[in-house]
There are 2 protein chains.
Amino acid sequence: MAKGAAGFVATLEDDIATGRLLPGARLDEVSLASRFGVSRTPVREALQQLSAQGLVEIRPYRGAIVSSPDPRKLMEMFEVMAELEAMCGRLAARRLTPEHETNIRQNLSACAQAAEIGDPDSYYFENERFHRAIYAASANAFLEEQALTLHKRLSPFRRLQLRVRNRLGVSQREHEAIVSAIVAGDSKAAARELRQHVIVQGERFADLIASLELQSRQTA
Amino acid sequence: MAKGAAGFVATLEDDIATGRLLPGARLDEVSLASRFGVSRTPVREALQQLSAQGLVEIRPYRGAIVSSPDPRKLMEMFEVMAELEAMCGRLAARRLTPEHETNIRQNLSACAQAAEIGDPDSYYFENERFHRAIYAASANAFLEEQALTLHKRLSPFRRLQLRVRNRLGVSQREHEAIVSAIVAGDSKAAARELRQHVIVQGERFADLIASLELQSRQTA
DNA sequence: CTCGTAAATATTGTATACAATCTTGTTGAC
DNA sequence: GTCAACAAGATTGTATACAATATTTACGAG
């Protein structure tokens with residue numbers, strides 16, 4: 001556990017991103033305090049930060065829960081994510097350095113391996129690194145930071161998405177097209193491919209959520 | 001003053017956006033506490049939120065200051081802002097409703113009036129409302145929120161830019177082109193015009209640096 | 001048995017007390 | 001007079017105590 005109050009912000013972020021804390025899960029202050037071995041004060045400050053970041057929702061006098069955006073908001077978030085990634089791709093295509101190219105290619109082949117094996121968990125992991133490599137290649141540290149933040153926020157949902165049949169293979173082919181465009185310096189194509197790559201995820205996921213809601217309504 | 005700890009978050013945001021609190025200004029916890037008539041605890045929580053939002057920088061054991069990004073980061077932020085606004089324009093052109101069109105047109109003429117008088121302060125105010133109208137017209141609440149957040153963060157610097165000679169007139173002509181494109185449903189043109197309107201490059205970059213130096217002299 | 005009401009309990013929000021760290025001012029050597 | 005070391009003061013970080021609100025449980029009327 002890292003030092004200071006800021007330390008467990010990262011820990012909680014990770015718990016949410018990896019699904020150890022599911023959307024809607026309650027975040028009890030005293031439980032968290034005892035878990036981290038501190039008092040409620042620093043825990044509350046961490047929750048405030050997560051709240052400002054949108055990862056957590058604080059309802060006055062009613063406690064904090066992991067944010068669970070409705071399908072509509074989720075679509076909107078994916079729409080913005082798509083645009084941020086498109087922007088990263090556009091800039092990367094224009095500003096690509098040999099170091100970033102190497103980095104992207106390495107992550108691409110790591111993804112390829114995971115896709116071949118067909119393991120969603122390791123693909124999820126490598127996929128994340130691949131996208132991060134593109135953010136970094138934009139040579140815009142602020143954009144990179146914004147993209148990472150939103151990516152984290154969407155992580156819990158992206159994760160489920162990859163379990164859909166055949167998604168790994170399709171995703172990997174899209175990755176290859178993206179890298180081709182970036183390396184060729186074709187900023188328009190890079191932007192277009194990345195936008196599509198992300199948007200599709202959003203659409204598929206909104207469908208998934210909608211069907212889940214329908215199901216639960218039928219059950220209840 | 002609004003209720004709860006969240007209340008003075010908005011107050012402080014406003015103080016920073018309007019320049020009552022300049023970049024680099026120190027945010028003393030006890031001063032703020034007595035100003036708002038509360039103890040340090042809720043003040044600290046507010047500062048955490050502002051920190052997560054990027055408006056404030058908290059240095060361990062050394063207090064919080066209003067963020068003052070260096071010129072490079074500022075450029076990067078404007079680059080992202082340009083893309084977000086371009087996206088708003090693109091979506092607005094596709095999804096424009098009569099209500100949003102009316103709203104945008106009203107704000108456009110309010111800007112026109114302020115530009116004619118040549119008052120930077122009232123133009124600043126109306127300009128903000130104009131841009132907000134476009135964010136809203138995107139019909140993507142999450143995008144709107146993101147754009148507003150970044151806009152707030154850039155406010156202290158946008159303000160300076162408007163003091164440059166002739167900027168008001170140029171800005172207003174750009175506004176007209178933007179509205180034309182949106183109303184015509186030309187999403188590509190709307191995106192392009194907004195991107196150009198917001199991005200800082202060429203001589204505007206030099207202007208920005210110059211005004212930054214002026215501002216930092218005030219703080220010190 | 002069901003529903004509404006109210007007391008009991010639990011949880012969050014705020015204030016205060018104390019500990020840890022930084023900043024400032026003083027003292028003294030050179 | 002300048003600089004370093006140290007002490008005094010100020011400020012932030014954390015823990016605890018108390019207040020305000022929400023949730024749960026118990027009870028009684030119908």
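Reckoned from all heavy atoms, side chains included, excluding hydrogens, waters and symmetry mates. Every value quoted in this text rests on a predicted model; they were computed, and no experiment measured them. Letters go in sequence order (proteins before strands), and every chain restarts at 1.
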5'-most contact on DNA chain D (nearest-nucleotide basis), A/R62 vs A/S39, goes to A/S39

From the list D/dT14, C/dT14, C/dT11, which nucleotide is the closest neighbour of the side chain of A/R26? C/dT11

Does this structure show an ion pair linking B/E79 with A/R90, if we count only N-O contacts that are shorter than 4.0 Å? no

Does A/E13 have any salt bridge (Lys or Arg N to Asp or Glu O under 4.0 Å) partners at least two apart in sequence or in another chain, and if so, which? A/K152

Regarding the side chain of B/R44, the nearest nucleotide among D/dG13, C/dT12, D/dT23 is D/dG13

Among C/dG13, D/dT14, C/dT11, which nucleotide has an atom closest to any side-chain atom of A/I58? C/dG13

Winner on side-chain proximity to A/V38, out of C/dT12, D/dA15, D/dT11, is D/dA15

Spacing of A/L143 atom CG and A/C88 atom SG [to the nearest 0.5 Å]: 3.5 Å

d(CG, A/D28; P, D/dT23) in whole Å: 14 Å

Looking at D/dT14, C/dT14, D/dG13, which one has an atom nearest to any side-chain atom of B/Y61? D/dG13

Please state how far atom CZ in B/R40 lies from atom P in D/dG13, giving the value in whole angstrom units. 8 Å

Pairing residues for B/L148 by the side chain to side chain contact (heavy atoms under 4.5 Å, CB included) criterion, not counting sequence neighbours: B/R132, B/Y135, B/E144

